[in-house]
2 protein chains.
Amino acid sequence: MLGRSGQRDDMELVVLSLLAESPRYGYAVSKELGVRSEGRVRLTPGVLYPLLKELESAGLIQGTWEEVRADEEGDGEGRKRKWYRVTAKGRKRMEQRLAAHRAFRALVDALVGPDTGADAGRGEASR
Amino acid sequence: MLGRSGQRDDMELVVLSLLAESPRYGYAVSKELGVRSEGRVRLTPGVLYPLLKELESAGLIQGTWEEVRADEEGDGEGRKRKWYRVTAKGRKRMEQRLAAHRAFRALVDALVGPDTGADAGRGEASR
DNA sequence: TTCGAATATATCGACTCCGGATATATCTAT
DNA sequence: ATAGATATATCCGGAGTCGATATATTCGAA
């Protein structure tokens, strides 16, 4: 049908960047991404958690569970969050992804011209 | 294993851009992409032809066969090329992909800072 | 003139990934 | 109460990836 979104590597870059900035838990990553992209980039649960899991098992990020209890009362389990931080290996991966991203940017710029806010209509092709 | 490439939408943008620039046949698209990206972006047959086919059946590009004969001699079939040009619909799609690309660029810039040639080490996070 | 490399298009298929739907449980505000 | 947000996680049908493979023509070098 041609028209999804699907950019796993892009997501990897963006998630690693966010986590490099400061440790966060999954849901916060998802929300923050929504905010910073002004709603243009969405990271749904079905993509987010498998990605985090994979990043962790690849040693690129490291997760720690934290219990968040609302009231002081003793026993029952409270809500849990899993905080992730980027490892050194993860930073390296992030740099790689960033380099790839910049290379692609350069290619796009070479093809359609650098981003000039207004559309100054490029020439029509004839043949 | 984490580390492929796979970016169909990116390829779509890049192929549509090339064809918007001037009509080309598949092999030429592939070669030109290699050149302009300095070898960083490769579009192999297994990706190229299915993509072109899909773009055509979606009405984004339009292909025409052209026979290329080496010598003047009459009969035998010569080598054939299929030239593609972008349709109006294809241009629209290209603009959409471009907009998405620019949105993602903006997000990355917001996350890691705009592209400053040299790496001016960003601050470490603590927690 | 012959033989390998480049040109040119195309399909196959095993593998991977995507992402909407779904499930579960806690917390907050009305 | 209870609806909606928070928070994590899996499932699985459908889609995409890309190396390998197939076929045929043309060019250049030995």
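The chains referred to below are lettered A, B, ... by the order of the sequence lines, with proteins before strands, and numbering in each begins at 1.
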Asks: Atom CG of A:Leu33 and atom CG of B:Leu107: how far apart are they, to the nearest 0.5 Å?
Replies: 5.5 Å
Asks: Mind calculating the distance between CG (A:Leu48) and C1' (C:dC18) to the nearest angstrom?
Replies: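 Distance check: A:Leu48 CG to C:dC18 C1' gives 14 Å.
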Asks: Mind calculating the distance between CG (A:Leu55) and C1' (D:dT8) to the nearest angstrom?
Replies: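 Rounded to the whole Å, the gap is 16 Å.
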Asks: Looking only at heavy atoms, what is the nearest atom pair of B:Ser30 and B:Leu43, with distance?
Replies: OG-O, 3.3 Å
Asks: Could you state the atom-to-atom distance from CG of A:Asp9 to P of D:dG16 in whole Å?
Replies: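 Roughly 17 Å, once rounded to whole Å.
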Asks: Assign each of A:Pro50 and A:Arg79 to its nearest nucleotide of DNA chain C by heavy atoms, then name whichever residue's nucleotide is nearer the 5' end.
Replies: A:Pro50
Asks: For A:Leu51 and C:dT16, give me the distance from atom CG to atom P, rounded to whole Å.
Replies: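 Going from CG in A:Leu51 over to P in C:dT16 covers 17 Å.
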Asks: Phosphate oxygens OP1/OP2 of C:dT9: is one of them under 4.0 Å from a side-chain N or O of B:Tyr25?
Replies: no
Asks: Quick one: is B:Tyr49 getting a side-chain N or O under 4.0 Å of the C:dT9 phosphate, OP1 or OP2?
Replies: yes
Asks: What nucleotide, of D:dA9, C:dG20, C:dT9, holds the atom closest to the side chain of A:Trp65?
Replies: D:dA9
Asks: Could you walk me through whether B:Arg97 and B:His101 pass side-chain hydrogen bond (donor to acceptor under 3.5 Å, both in side chains), step by step?
Replies: CA-CA 6 Å; B:Arg97 291 276 178 256; B:His101 170 70; over 6 Å; no
Asks: Please check the phosphate of D:dA24 (OP1 and OP2 only) for any side-chain N or O of B:Lys80 closer than 4.0 Å.
Replies: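 Looking at the OP1 and OP2 atoms of D:dA24, neither is under 4.0 Å from any side-chain N or O of B:Lys80.
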Asks: How many whole angstroms separate atom CG of A:Leu33 from atom P of C:dG19?
Replies: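 Distance check: A:Leu33 CG to C:dG19 P gives 14 Å.
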Asks: Over how many whole Å does the gap from A:Glu54 atom CD to D:dA9 atom P extend?
Replies: 15 Å
Asks: Under the 3.5 angstrom rule, does the side chain of A:Glu56 hit a backbone N or O of A:Gly63 as a donor-acceptor pair?
Replies: yes
Asks: Take atom CD of B:Glu67 and atom C1' of C:dA8, then tell me their distance rounded to the nearest Å.
Replies: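 Rounded to the whole Å, the gap is 13 Å.
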Asks: Do any side-chain nitrogens or oxygens of A:Lys53 fall under 4.0 Å of OP1 or OP2 in D:dT8?
Replies: no
Asks: How many Å lie between CG on B:Leu43 and P on C:dA8, as a whole number?
Replies: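 Rounded to the whole Å, the gap is 15 Å.
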Asks: Any side-chain heavy atom of B:Met94 within less than 4.5 Å of one from B:Val86?
Replies: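 Side chain of B:Met94 against side chain of B:Val86, heavy atoms only: no contact under 4.5 Å found.
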Asks: Report the residue (B:Val47 or A:Gly46) whose heavy-atom-nearest nucleotide on DNA chain D is the more 5′ of the two.
Replies: A:Gly46
Asks: Nearest to the side chain of A:Tyr27 - C:dA21, C:dT7, D:dT6?
Replies: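 Of all the options, the side chain of A:Tyr27 is nearest to D:dT6.
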